[in-house]
Amino acid sequence: MMRRYCVMLLLALPMAVMAQMKFGFFSYDEALQSMPEYALVQANLKDLRSKYDAETRRAEEEFNRKYEEFLDGQSDFAPTILQKRQTELQELLKSNVAFKAESMKLLKQAEEEAFAPLHEKLRKVLSTIGSEHGYAFILNTDGNACPYIDPEMGEDVSATVKEALR
């Protein structure tokens, strides 16, 4: 949506005005990954992810063990015990599925919260660089968003951004 708006804005500007404008460009992902805090955030998220994975494995192993016990003994169970065990297995499976969905949601939320200060720091650095260099805007070249940039009109600010983030 934002990319489309920027393209429409650029197309609406007269060529003479565009020729006088300066702009910068860089890779947002590359700049983010160059931040010293990035590695720590990644390590913390990896640790949290491994804890959720371990709990998921433990729950799956518990379900599998109980299911095997059910299969081994189902011919000997009285109908009410068989019904009770089936209900327990269904509830355990439902609980495991709910936990997995909740853990994915919580991991996504933790990732957003952990990266929020890094994104804010990068936004401030870009604002400062844009103001100091007189850029009309700074483009993010990730995702092949800008397959061609005329080096006479735009400046690669990657090194400047990375230096300011250190």
Exercise. Centroid-to-centroid, F137 to F23, below 6.0 Å?
Worked result: yes

Problem set entry | Y67, OH atom: more than 12 neighbouring heavy atoms under 6.0 Å | no

Exercise. Does R65 pair with E69 as a salt bridge, N-O distance under 4.0 Å?
Worked result: yes

For this session: May I ask you to list the residues sharing a hydrophobic cluster with L40, side-chain cutoff 4.5 Å, ordered by chain and number?
Result: none

Exercise. Say you draw a straight line from CD of Q90 to OG1 of T87; how long is it, rounded to the nearest 0.5 Å?
Worked result: 5.5 Å

Exercise. Closest approach of K162 and S34, non-hydrogen atoms and distance?
Worked result: CG-OG, 3.5 Å

For this session: Could you tell me whether E62 and K66 make a salt bridge, using a distance below 4.0 angstrom between a side-chain N and a carboxylate O?
Result: yes

For this session: May I ask you to decide whether E91 forms a salt bridge with K94, counting only side-chain N to carboxylate O separations under 4.0 Å?
Result: no

Exercise. Side chain to side chain donor-acceptor pair (under 3.5 Å) with Q109: which of K105, E113, E112?
Worked result: E113

For this session: Measure the spacing between CG of N64 and CD of E61 and express it to the nearest 0.5 Å.
Result: 8.0 Å

Exercise. Around atom CD of E152, are there more than 12 heavy atoms of other residues, nucleotides or ligands at under 6.0 Å?
Worked result: no

Exercise. Parallel, tilted or perpendicular: which fits the ring planes of F115 and Y38, with parallel below 30° and perpendicular above 60°?
Worked result: tilted

Exercise. So if you build clusters from Ile, Leu, Val, Met, Phe, Trp, Tyr with side-chain heavy-atom gaps below 4.5 Å, do I149 and F26 land together?
Worked result: no

Exercise. Is it the case that S27 and D29 place a side-chain donor and acceptor less than 3.5 Å from each other?
Worked result: no

Exercise. When clusters are formed by joining ILVMFWY residues with side-chain heavy atoms under 4.5 Å apart, either directly or through shared neighbours, do V161 and I138 land in the same one?
Worked result: yes

Problem set entry | Basic-acidic side-chain contact under 4.0 Å: D53, R49 | no

